[in-house]
Trainee: 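My questions will all concern the structure given below.
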Amino acid sequence: MSEPFYITTAIAYPNGKPHIGHAYEAIATDAIARFQRLMGRDVRFVTGTDEHGLKMDQTARAAGKATRDLADEMSSYFKEMCHTLDISIDHFCRTTSDHHHKASQAIWKRLEAAGDLYLDRYEGWYSVRDEAYYDETELTEGEGGQKLSPQGTPVEWTVEESWFFRLSKYEQPLLEYYGAHPDFIRPDSRKNETVKFVEGGLKDLSVSRTSFDWGVKVPGSENHVMYVWLDALTTYISAIGFPDDTEEWRKFWPANVHIIGKDIVRFHTVYWPAFLMSAGLPLPKQVFGHGFLLSRGEKMSKSLGNVVDPMQLAELFGVDALRYFLLREVSFGQDGSYSPEAIVTRVNADLANSFGNLAQRTLSLIFKNCEGYLPAIRGHNDDDTALLDLVGATVSQHIPAHYEDLAMSQGLESWMQAVFACNAYVDVQAPWALKKTDPERMETVLATLFICIAQLAIAALPIIPGSATKLLDQMGVPLDVRNFHAAGSHWYSPLAESNYQIAQPVGLFPRLEMPAEEGTAA
RNA sequence: GGCGAAGUAGCUCAGCUGGUUAGAGCGGUGGAAUCAUAAUCCAUAGGUCGGGGGUUCAAGUCCCUCCUUCGCUACCA
């Protein structure tokens with residue numbers, strides 16, 4: 001039985017259409033999930049939408065829609081995005097589903113049974129306009145001493161009945177857990193922030209609201225709905241069966257890793273583990289907070305008008321080009337910068353010029369000089385074995401090690417080095433010249449290249465699944481070879497001896513044109 | 001204000017526990033080649049490693065200080 005691997009993205013809040021940040025997270029998580037499958041693990045990959053809470057309600061009202069309808073519509077965009085970007089999810093969950101409500105109420109009851117919930121009053125400066133509480137320190141003084149929110153709206157001291165979670169009780173347990181599990185929070189910068197935050201002391205958390213009703217009803221307090229985060233985080237377990245004692249649930253929980261944005265690290269590294277501890281459930285093994293994508297080094301925002309639609313980018317440059325760019329160019333865990341020029345430059349240099357051209361020139365030579373039949377190997381010389389060793393080590397060791405560590409950009413850097421080595425090898429061996437002087441040697445050279453290219457395509461499957469698969473299809477590489485364990489096995493000769501014949505090769509990594517200047521997305 | 005991260009070639013960045021002439025990709029320059037998506041290969045570019053001070057036989061790599069940028073500093077999500 002293969003080892004389980006459970007991975008999730010954050011559950012997106014769909015009060016708007018998906019933006020590039022959602023796409024980035026989905027793509028990165030997908031690459032990891034695909035990699036783990038190619039390592040032979042039994043993967044569960046979950047994403048979804050977190051549809052409760054005040055903002056959904058407000059957004060729907062502003063649009064003159066029923067909240068439910070807005071949720072349905074918005075959620076569908078996220079699902080569509082997954083489909084378009086080749087995100088290999090196993091399950092798309094919605095917090096509005098009946099099962100999820102049941103799960104959220106189940107975890108609530110567990111917190112209650114643990115004695116960690118109590119009814120009290122939540123008091124604070126409340127802005128009716130914003131429908132939000134603000135801390136005293138955030139307020140400014142307006143005319144006539146009127147206190148104002150950061151948005152400039154008037155606030156009033158308000159008292160609301162609320163259920164509280166004894167977060168303070170978990171201060172020490174959390175700190176101990178962080179200490180005992182140094183990889184629980186990554187990258188380190190996020191861990192440091194979290195540890196400092198918890199060391200600074202935890203206050204109990206208000207976990208129910210009475211000011212609106214778009215949410216999961218609190219068991220026994222029907223006028224309360226659960227705090228959105230409590231319900232949203234529960235998705236990670238409801239998606240695989242909780243509270244039912246299913247085989248899937250037993251197999252996949254605790255999750256191997258939650259991939260989330262750096263802005264919601266606290267919810268996942270403080271609240272979520274505390275809830276789980278209280279509920280008597282195991283904690284996820286890791287929470288990884290990735291960085292943000294910046295547009296030409298600037299934060300994207302609606303007011304700046306530089307928000308990018310990921311669907312548009314995928315259409316403009318191609319899904320795999322977009323995926324490759326994001327995973328190669330952005331160091332996972334750090335912020336990254338995006339621009340059309342950067343995508344075009346990177347993709348052309350790496351995919352079109354280096355790898356795509358390598359495949360094209362090699363397959364063309366085989367097609368023309370060998371009638372498409374895979375050339376025979378007649379003894380490797382030192383150059384051949386050096387290349388095979390380098391590519392073999394890269395594909396079987398270096399790249400998996402980096403991917404395993406969620407360092408996709410470094411894995412791809414190794415990948416490119418191997419691609420460079422192949423191109424250098426082609427130039428030195430010059431098979432087009434050998435055609436006349438030593439046809440047998442030419443065959444060996446082309447066979448060597450064929451093997452290397454196939455291995456490199458396999459290593460690229462998690463990143464650019466569509467085009468890598470097409471390339472492997474063109475090359476006739478059997479499906480059972482397309483994983484990290486079998487890539488280095490002895491599959492070439494059997495394939496060649498099966499008289500597999502390649503067709504005229506078709507370029508799979510086109511050079512991109514710079515999009516016409518139409519100013520920035522303003 | 002407090003805590004933390006970062007400032008390395010034109011650009012984007014690697015440089016772990018201090019140790020030969022500071023690295024890569026892209027760009028630029030000069031060659032080679034012509035199988036291939038005008039793609040490739042080879043060579044090269046002399047950057048006070050933010051400023052200053054210190055520890056050490058030896059510092060981009062440790063300590064202090066200053067400058068700059070950024071993140072966190074709880075209940076919208």
Side-chain angles (χ1 to χ4, degrees), chain A residues 10-15 50 52-58 122 124 127 130-135 137 149-151 162 164-165 167 187-207 209 227-230 232 261-267 270-271 289 291-292 297 299 328-331 334-337 339 341-342 345-346 348-369 409-410 413 416-417 419-420 422-435 442 445-446 449 505-512:
Chain A
I11 307 304
Y13 200 71
N15 64 335
D50 163 22
H52 294 310
L54 182 58
K55 287 221 166 164
M56 281 299 285
D57 222 12
Q58 286 177 331
Y122 186 80
S127 162
D130 301 345
E131 296 198 46
Y133 283 93
Y134 295 99
D135 193 81
T137 57
S149 76
Q151 273 71 42
S162 171
F164 279 79
F165 172 71
L167 186 62
D188 281 348
S189 53
R190 300 297 151 203
K191 175 167 74 178
N192 293 340
E193 285 175 8
T194 303
V195 170
K196 292 289 178 194
F197 173 78
V198 175
E199 282 175 350
L202 294 175
K203 290 194 283 189
D204 288 349
L205 187 67
S206 164
V207 288
R209 300 291 135 91
Y227 173 46
V228 206
W229 271 108
L230 175 50
K262 64 180 184 178
D263 54 330
I264 54 173
V265 166
R266 171 166 320 131
F267 301 99
V270 180
Y271 301 168
F292 287 161
K299 224 169 176 169
R328 172 66 186 89
E329 191 90 356
V330 182
S331 179
Q334 296 192 299
D335 288 351
S337 197
S339 71
E341 304 88 87
T345 303
R346 179 106 248 166
N348 282 349
D350 292 5
L351 291 184
N353 296 352
S354 294
F355 184 65
N357 185 47
L358 168 68
Q360 187 68 11
R361 66 200 302 208
T362 302
L363 296 184
S364 289
L365 285 167
I366 292 174
F367 178 72
K368 286 185 193 166
N369 300 337
S409 62
Q410 287 182 58
E413 202 176 321
M416 277 308 297
Q417 280 172 13
V419 173
F420 289 148
C422 288
N423 270 322
Y425 172 87
V426 183
D427 277 42
V428 170
Q429 303 303 323
W432 50 90
L434 291 170
K435 180 183 171 185
M442 176 197 75
V445 167
L446 293 177
L449 284 165
V506 178
L508 295 168
F509 302 94
R511 283 181 64 80
L512 301 178

Trainee: N/O contacts under 3.5 Å, protein versus nucleotides 10-18 of chain B?
Mentor:
unit_1, atom_1, unit_2, atom_2, d
B/A14, OP1, A/Q334, OE1, 3.3

Trainee: State plainly whether the residues A/D50 and A/K55 are in salt-bridge range, i.e. N to O under 4.0 Å.
Mentor: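 Between A/K55 and A/D50 there is no salt bridge, as every charged N stays at least 4.0 Å from the carboxylate O atoms.
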Trainee: Inspect the contact between A/K196 and A/E193 and indicate whether a charged nitrogen and a carboxylate oxygen are less than 4.0 angstrom apart.
Mentor: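 No salt bridge links A/E193 with A/K196.
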Trainee: Assign A/Y227 to base, sugar-phosphate, or nothing according to its heavy-atom contacts below 4.0 angstrom with the strands shown.
Mentor: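 Touches sugar-phosphate only.
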Trainee: Find the partner of B/A58: check Watson-Crick (N1-N3 plus N6-O4 or O6-N4) and G-U wobble (N1-O2, O6-N3) distances, both under 3.5 Å, and reply none if neither fits.
Mentor: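 Because no pair has both required distances under 3.5 Å, B/A58 counts as unpaired.
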Trainee: For B/G60 and B/G7, measure between their P atoms and round to the nearest Å.
Mentor: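 B/G60 and B/G7 have their P atoms separated by 14 Å.
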Trainee: If we take the C1' atom in both B/C41 and B/C49, what is their distance in whole Å?
Mentor: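 Approximately 31 Å lies between the C1' atom of B/C41 and that of B/C49.
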Trainee: Between atom CG in A/D427 and atom P in B/U40, what is the gap in whole Å?
Mentor: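 Going from CG in A/D427 over to P in B/U40 covers 10 Å.
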Trainee: Using whole Å, what does the distance between atom C1' of nucleotide B/C72 and atom CG of A/D188 come to?
Mentor: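 Interatomic distance, CG of A/D188 to C1' of B/C72: 15 Å.
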Trainee: A/R361 side chain: which of B/C26, B/C41, B/U40 is closest?
Mentor: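 Ranking B/C26, B/C41, B/U40 by closest atom to the A/R361 side chain puts B/U40 first.
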Trainee: Under 4.0 angstrom, heavy atoms only, what part of the nucleic acid is A/K203 near: base, sugar-phosphate, or nothing?
Mentor: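 It contacts base atoms.
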Trainee: Rounded to whole angstroms, how far apart are CG on A/N369 and C1' on B/A36?
Mentor: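 It is 12 Å, rounded to the nearest whole Å.
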Trainee: Rounding to a whole Å, what distance do you find between A/Q360:CD and B/C35:P?
Mentor: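 Taking CD of A/Q360 and P of B/C35, I get 14 Å after rounding.
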Trainee: In terms of side-chain heavy atoms of A/S354, which of B/U37, B/U34, B/U40 is nearest?
Mentor: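 Looking only at side-chain atoms, A/S354 lies closest to B/U40.
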Trainee: Any base atoms under 4.0 Å from A/A424, or only sugar-phosphate, or nothing? Heavy atoms, all strands.
Mentor: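 Sugar-phosphate, no base atom in range.
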Trainee: When you get a sec, tell me which of B/A39, B/G71, B/A74 is the closest nucleotide to the side chain of A/R190?
Mentor: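 When the side chain of A/R190 is considered, B/G71 is the closest of B/A39, B/G71, B/A74.
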Trainee: Could you tell me the Watson-Crick or G-U partner of B/G1, where both distances fall under 3.5 Å? Say none if there is no partner.
Mentor: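 Pairing partner, where one exists within any strand: B/U73.
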Trainee: What are the two closest heavy atoms between A/R328 and A/S409, and how far apart are they?
Mentor: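 That would be O-CB, 3.4 Å.
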Trainee: Counting the atoms with a prime plus P, OP1 and OP2 as sugar-phosphate, which does A/K368 contact under 4.0 Å by heavy atoms, base, sugar-phosphate, or nothing?
Mentor: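 A/K368: backbone/sugar contact only, no base atoms under 4.0 Å.
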Trainee: Between the side chain of A/S354 and the main-chain N/O of A/A349, is any donor-acceptor distance below 3.5 Å?
Mentor: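 It does hold such a pair.
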Trainee: Across all strands, who's sitting opposite B/U68 as a Watson-Crick or G-U wobble pair, both distances under 3.5 Å?
Mentor: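 With both distances under 3.5 Å, B/U68 matches B/A6.
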Trainee: Considering only heavy atoms from C-beta outward, does the side chain of A/V426 approach that of A/P431 to under 4.5 Å?
Mentor: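 Answer yes - side chains close enough.
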Trainee: Using the P atom in both, what is the distance from B/C16 to B/G54, to the nearest Å?
Mentor: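 Between the two P atoms, the distance is 25 Å.
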Trainee: Write down the partner of B/U44 under the Watson-Crick or G-U wobble criteria, each distance required to be under 3.5 Å.
Mentor: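 Pair assignment: B/U44 / B/G28.
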Trainee: Quick check on RNA chain B: between A/E193 and A/W229, whose nearest nucleotide comes earlier from the 5' end?
Mentor: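 Result of the comparison: A/E193.
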Trainee: A/G201 near the nucleic acid: base, sugar-phosphate alone, or nothing, with a heavy-atom cut-off under 4.0 Å?
Mentor: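 The answer is base, as A/G201 lies within the cut-off (heavy atoms under 4.0 Å) of a base atom.
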Trainee: Judged by atom type as modelled, is there a donor-acceptor pair below 3.5 Å linking the side chain of A/Y227 to the main-chain atoms of A/F164?
Mentor: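 Absent.
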Trainee: Both distances below 3.5 Å, Watson-Crick or wobble geometry, any strand: find the nucleotide opposite B/A33.
Mentor: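 Because no pair has both required distances under 3.5 Å, B/A33 counts as unpaired.
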Trainee: For a quick check of understanding: with a heavy-atom distance under 4.0 Å over all strands, which category does A/G356 fall into, base, sugar-phosphate or nothing?
Mentor: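 Base contact.
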Trainee: Give the minimum heavy-atom separation between A/C422 and A/L358, together with the two atoms involved.
Mentor: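 The answer is CB-CD2, 3.5 Å.
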Trainee: Do the rings of A/W229 and A/F267 sit parallel, tilted or perpendicular, given the 30° and 60° boundaries?
Mentor: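 Ring orientation of A/W229 relative to A/F267: parallel.
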Trainee: What integer distance in Å separates A/Y271:OH from B/A77:C1'?
Mentor: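 For the pair A/Y271 OH and B/A77 C1', the rounded distance is 12 Å.
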Trainee: What interatomic distance, in whole Å, is found between P of B/A74 and the corresponding atom of B/C3?
Mentor: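 Rounded to whole Å, the distance is 16 Å.
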Trainee: Okay, side chain of A/N357, backbone of A/A352: is any donor-acceptor separation there less than 3.5 Å?
Mentor: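 No; judged by distance alone, with no hydrogens or angles, the pair does not exist.
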Trainee: Suppose we call a contact any N or O donor and acceptor under 3.5 Å apart; does that hold for the side chain of A/N357 and the base of B/A36?
Mentor: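 Per atom types, the contact qualifies.
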Trainee: Which whole-number value in Å describes the distance from A/L449 CG to B/C41 P?
Mentor: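 Nearest whole value for this atom pair: 13 Å.
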Trainee: Quick one: A/D350 CG to B/A24 C1', roughly how many Å, whole number?
Mentor: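 Rounded to the whole Å, the gap is 12 Å.
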Trainee: Nearest to the side chain of A/S364 - B/C75, B/C41, B/A36?
Mentor: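 Per side-chain heavy atoms of A/S364, the pick is B/A36.
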Trainee: Return the nearest nucleotide to the side chain of A/Y122; candidates are B/A74, B/U40, B/C75.
Mentor: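 Minimum distance to the A/Y122 side chain belongs to B/C75.
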Trainee: Is there a side-chain polar atom (N or O) of A/R266 under 4.0 Å from OP1 or OP2 of B/U73?
Mentor: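 Result: yes.
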Trainee: Do side-chain atoms of A/Y425 reach the backbone of A/F420 as a donor and acceptor pair under 3.5 angstrom?
Mentor: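 Not at all, since once roles are kept as given, no pair shorter than 3.5 Å links the two residues.
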Trainee: Out of B/A74, B/C41, B/C76, which nucleotide sits closest to the side chain of A/L202?
Mentor: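 My answer, after comparing the listed nucleotides, is B/A74.
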Trainee: Between B/A39 and A/R511, is there an OP1 or OP2 to side-chain N/O distance shorter than 4.0 Å?
Mentor: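 Affirmative; the distance criterion is met.
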Trainee: Give me the distance, rounded to whole Å, that separates B/A24 from B/A14 when you measure between the P atoms they each carry.
Mentor: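 Approximately 16 Å lies between the P atom of B/A24 and that of B/A14.
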Trainee: Say we look at B/G51 and B/U8: how far apart would their C1' atoms be, to the nearest angstrom?
Mentor: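 Each nucleotide's C1' atom is 15 Å from the other's.
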Trainee: Which is more 5' along RNA chain B, the nucleotide nearest A/S189 or the one nearest A/L508? Just name the residue.
Mentor: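 It is A/S189 whose nearest nucleotide is closer to the 5' end.
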Trainee: Please determine, for the side chain of A/L365, which listed nucleotide (B/C72, B/C35, B/G25) has the closest atom?
Mentor: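 From the listed options, B/C35 comes nearest.
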Trainee: Determine whether a donor-acceptor pair (one donor, one acceptor, N or O, separation below 3.5 Å) exists between the side chain of A/K196 and the base of B/C72.
Mentor: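 Donor-acceptor pair under 3.5 Å: no.
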Trainee: Where the side chain of A/L167 is defined as all heavy atoms beyond and including C-beta, which of B/C41, B/A74, B/C76 is the nearest nucleotide?
Mentor: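 Taking heavy atoms from C-beta onward, the closest nucleotide is B/A74.
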Trainee: When rounded to the nearest Å, what value does the distance between C1' atoms of B/G10 and B/G53 take?
Mentor: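 Rounded to whole Å, the distance is 31 Å.
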Trainee: Take atom P in B/A39 and the same atom in B/G46, then report the distance between them in whole Å.
Mentor: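 Pairwise P distance, B/A39 against B/G46, rounds to 26 Å.
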Trainee: Give a yes or no on whether A/K262 atom NZ has more than 12 heavy-atom contacts from other residues, nucleotides or ligands under 6.0 Å away.
Mentor: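 Count over threshold, so yes.
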Trainee: Can you tell me the distance, in whole Å, between the OH atom of A/Y13 and the C1' atom of B/C76?
Mentor: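 So the two atoms are 8 Å apart, to the nearest Å.
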